There are 2 protein chains.
Amino acid sequence: MGAANTVNGRQPVMADVARLAGVSHQTVSRVLNDNPHVKEETRERVLVAIRELDYRPNSAARTLVTRRSQTLGVVSFDTTLYGPASMLYGIEQAARSAGYFVSIASLRSLDGRSVQEAVDRLRDQAVEGVLVIAPQTSAVGALAQVRSAVPVVAVGSGTQARVPGAAVDNEAGARAATQYLLHLGHRTVHHVAGPSNWLDAQARRAGWRAVLADAGAPVPEVVSGDWSARSGYEAGLHLLDNPEVTAVFCANDHMALGVLRALNEAGRGIPGDISVVGFDDIPEASYFTPPLTTVRQDFGELGRRGLELLVAQVEGESGSKDRVLVAPELVLRGSTAAARGAG
Amino acid sequence: MGAANTVNGRQPVMADVARLAGVSHQTVSRVLNDNPHVKEETRERVLVAIRELDYRPNSAARTLVTRRSQTLGVVSFDTTLYGPASMLYGIEQAARSAGYFVSIASLRSLDGRSVQEAVDRLRDQAVEGVLVIAPQTSAVGALAQVRSAVPVVAVGSGTQARVPGAAVDNEAGARAATQYLLHLGHRTVHHVAGPSNWLDAQARRAGWRAVLADAGAPVPEVVSGDWSARSGYEAGLHLLDNPEVTAVFCANDHMALGVLRALNEAGRGIPGDISVVGFDDIPEASYFTPPLTTVRQDFGELGRRGLELLVAQVEGESGSKDRVLVAPELVLRGSTAAARGAG
DNA sequence: CACTGCATTGTTAACGCTCACATGACAACG
DNA sequence: CGTTGTCATGTGAGCGTTAACAATGCAGTG
């Protein structure tokens with residue numbers, strides 16, 4: 001077998017393959033690019049030579065002449081969180097199957113300058129399009145301002161962003177959760193919201209409020225957190241002050257975890273005394289104490305859809321949609337039950 | 001101000017800048033590469049022209065001639081998990097500050113072919129080095145076989161990998177956890193292990209066993225899980241069968257969460273009846289019920305150190321280390337207490 | 001049999017940059 | 001006042017690929 005891998009001590013190039021196969025370099029190029037005007041026998045000979053030398057095309061040279069890098073960029077804020085991490089995973093898979101490479105750039109902070117900086121960084125790499133995972137209003141606002149020669153698509157950034165993107169229908173999810181709690185007979189539902197500068201937090205809060213308003217239920221004051229379990233815990237302590245609380249809808253599972261912890265510590269029964277619902281359905285949610293009723297969103301799917309959107313733009317498909325909404329799903333577990341004295 | 005961004009409808013190139021500044025393209029190149037042989041006044045003129053046209057160097061052309069892509073590749077298995085996600089984050093930051101771009105490739109499965117495929121994919125992009133986040137023995141084995149013209153470094157892959165890399169000292173962490181439980185007066189410590197094909201799982205198990213052996217404590221049979229909370233829950237159910245269990249060391253926090261859940265359900269007091277220790281210190285660990293004593297490992301640091309290692313290899317620094325061990329730290333919380341009837 | 005058309009292959013010129021070397025100016029030196 | 005050296009700049013080649021066009025051969029056609 002082959003795998004020489006060097007010719008005169010350097011990486012083999014197209015000309016080396018051509019020489020070995022007894023053809024011109026252009027014929028090698030044709031074989032590589034599946035050009036039909038190559039005799040079958042010649043093609044074979046070239047392929048053998050390629051294998052023999054373990055030749056790999058130089059992507060820089062190809063990019064230089066075709067002006068296509070086959071690379072897409074992903075900008076993300078905190079890939080440590082479950083959501084962004086899962087989206088990134090979905091994105092990479094979709095990119096590969098669409099024939100693109102993926103380059104990443106993470107944001108230092110959320111101001112416009114930082115977003116522009118990351119996009120520039122990717123532009124320097126000649127990416128053909130940019131996908132942004134940054135669900136904060138500031139980031140999205142910055143995004144709308146970004147000067148870019150290439151298409152930019154947002155993923156998971158609420159539904160009102162001024163740039164094309166794929167997002168979960170947060171409002172629908174929040175409505176489903178709130179409605180379910182009301183159906184269980186709770187007089188009203190309290191809400192532990194996410195940071196108000198996150199689009200997702202805004203949408204979930206809006207959905208929750210809309211359902212209460214429609215049902216004529218009182219709309220309690222919102223307690224806000226920062227998505228962390230710690231902030232959920234603090235919100236939980238706050239809710240404990242109010243004996244009327246019987247149902248809580250948390251804007252994400254981590255905060256729900258904190259709430260559960262606060263309630264457990266205080267000896268409140270869940271769901272006996274208080275029902276709790278989360279949002280996200282992180283893998284651990286079924287193993288909370290008690291298992292958490294929550295709204296599942298498929299982050300991987302979101303990433304894939306976002307990437308498809310971007311590819312459509314990059315490849316200039318006319319009439320391609322510029323907005324995709326993914327429906328979330330309410331998952332029932334042990335943290336919710338009928339209100340005391342209700343049906 | 002400037003930002004013309006096109007010259008005759010195309011992206012500006014070095015020659016356009018040169019013309020505008022009244023110099024040769026080579027002088028522009030010198031300015032861009034901080035060559036000292038440029039008169040200050042000329043440099044200024046060039047910089048102005050660059051800004052005026054919003055010129056950005058074509059990276060493909062530069063890569064073609066310098067044979068350096070300024071890009072490093074990262075191969076990872078499941079970026080959805082907290083550990084890998086955090087490492088990726090650390091890696092990207094370190095890469096940026098070292099002046100490199102980061103391209104990612106995720107693995108479909110863990111066999112050697114898949115690893116080779118991912119590395120090849122990155123090679124096709126002309127990366128100058130590859131960082132692998134894949135802590136399974138199979139992946140590391142495959143890694144040792146990988147044919148690659150560029151340096152390959154593993155991150156978080158136990159301490160015995162046959163390729164250079166950065167890892168947490170899992171054994172030390174496990175020893176610390178086990179020792180602590182023994183000090184609390186527990187007769188012995190049970191272990192919920194990770195999948196046996198993960199190097200981390202092996203090392204943690206080895207550390208646990210070594211301490212028990214040294215202390216002359218009985219070494220109970222190990223219960224194995226797959227890192228998930230679900231498997232921890234099942235392990236917990238299993239442990240409940242044995243009334244002698246008073247202390248459990250879990251190989252990660254998610255499994256510890258499952259164990260907590262099983263014990264809570266069964267009405268066992270934690271830490272009154274049973275003490276539980278985890279490993280990782282995920283952000284939620286302090287909000288488990290009860291808060292989890294665990295072994296903290298700094299994944300971000302791990303990623304940074306791994307990247308530094310890789311950069312040292314890429315830049316051919318002689319005498320550079322090829323192995324870095326990061327020390328973990330035992331974090332005490334509410335899930336552990338002295339054994340009943342002990343000191 | 002000259003002529004057209006198609007399949008196959010080769011030749012040459014970009015792509016935009018850096019490297020090696022050439023050039024010109026001007027000061028310092030004997 | 002020619003020689004040497006140094007700084008600042010320019011010139012030309014080449015990196016490895018694809019695109020455009022040219023050339024060849026061979027079958028089919030009138």
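Residue numbering restarts at 1 for every chain, and letters A, B, ... go by the order of the sequence lines. Heavy-atom basis, side chains included; hydrogens, waters and symmetry copies ignored. A quick note: this is a predicted structure, and the numbers were derived from the prediction, not measured.
Closest approach of B:Val115 to B:Leu107, counting heavy atoms only: CA-CD2, 3.7 Å. The minimum heavy-atom distance between A:Ser69 and A:Phe101, with the atom names listed, is O-CD1, 4.4 Å.
For B:Phe299 and B:Tyr82, the gap between ring centers is short of 6.0 Å.
Of the possible polar contacts, none joining the A:Asn33 side chain to the A:Asn35 backbone as a donor-acceptor pair under 3.5 Å is found.
Going from atom CD of A:Glu41 over to atom C1' of C:dA7 covers 15 Å, rounded to whole Å.
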Using a 4.0 Å heavy-atom cut-off to protein, can you give one letter per nucleotide of nucleotides 9-22 of chain C, 5' to 3': B if the base is in contact, S if only the sugar-phosphate is, - if neither?
BBBB--BBSBBB--
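Partners of B:Arg96 under the salt bridge (charged side-chain N to carboxylate O under 4.0 Å, His left out) rule, at least two apart in sequence or in another chain, are B:Glu92.
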